[in-house]
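Inspection log for the structure reproduced underneath, given as structure tokens.
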Amino acid sequence: NDDDYELQPPKPKLEMLQLMGIAFFAVSGSAYGVEEIVPLGGPFLSLAALVIAPAVWSAPMLLVTAELSVALPRAGGYVVWVEEA
């Protein structure tokens, strides 16, 4: 059914900070290792690494999800994509 999106209410959008937090915890699982980064690289380099690493790590998944969402624009996400494969 092509109009699956019309049947569901719109979901609230995530802000950039929330997405970065999700990406950070998806990459590292927690703040483990942060204590060692600060003495070795200093506070600026540590904060820069904590901002850049999740963005770089999640970029491929972002591109795959964007491409599949455009190619198969139906509600269901991964379930629909796997069924079509």
Side-chain angles (χ1 to χ4, degrees):
N1 192 351
D2 289 334
D3 52 10
D4 286 340
Y5 284 117
E6 294 177 12
L7 302 176
Q8 299 177 3
K11 295 181 181 179
K13 295 183 179 183
L14 293 174
E15 300 291 328
M16 179 61 77
L17 186 61
Q18 294 168 327
L19 288 174
M20 289 175 61
I22 291 169
F24 173 74
F25 286 108
V27 170
S28 66
S30 69
Y32 179 76
V34 174
E35 295 85 6
E36 290 83 17
I37 292 174
V38 176
L40 293 174
F44 177 74
L45 187 60
S46 301
L47 288 174
L50 289 174
V51 169
I52 294 171
V56 171
W57 183 268
S58 60
M61 183 59 76
L62 172 96
L63 294 172
V64 168
T65 305
E67 184 174 351
L68 287 171
S69 297
V70 170
L72 301 168
R74 296 187 316 212
Y78 293 107
V79 175
V80 173
W81 302 337
V82 170
E83 285 178 358
E84 292 289 327

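Residue numbers start at 1 and run along the sequence shown. These values consider heavy atoms only, across backbone and side chains, with no hydrogens, waters or symmetry-generated copies.
Between Val38 and Ser46, the shortest heavy-atom distance links the atoms CA-OG, 3.2 Å.
In this structure, Ile52 belongs to a hydrophobic cluster whose other members, linked by side-chain heavy atoms under 4.5 Å apart, are Val56.
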Indicate every side-chain donor-acceptor pair of residues 14-22 with a distance under 3.5 Å to a residue at least two apart or in another chain.
unit_1 : atom_1 : unit_2 : atom_2 : d
Gln18  : OE1    : Glu15  : N      : 2.8

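No single ILVMFWY cluster, assembled from side-chain heavy atoms under 4.5 Å apart, contains both Leu45 and Trp57. Grouping the Ile, Leu, Val, Met, Phe, Trp and Tyr side chains by contacts below 4.5 angstrom, directly or via other members, places Trp81 apart from Leu62.
For residues 76-85, the set of pairs meeting the salt bridge (charged side-chain N to carboxylate O under 4.0 Å, His left out) definition, not counting sequence neighbours, comprises Arg74-Glu84.
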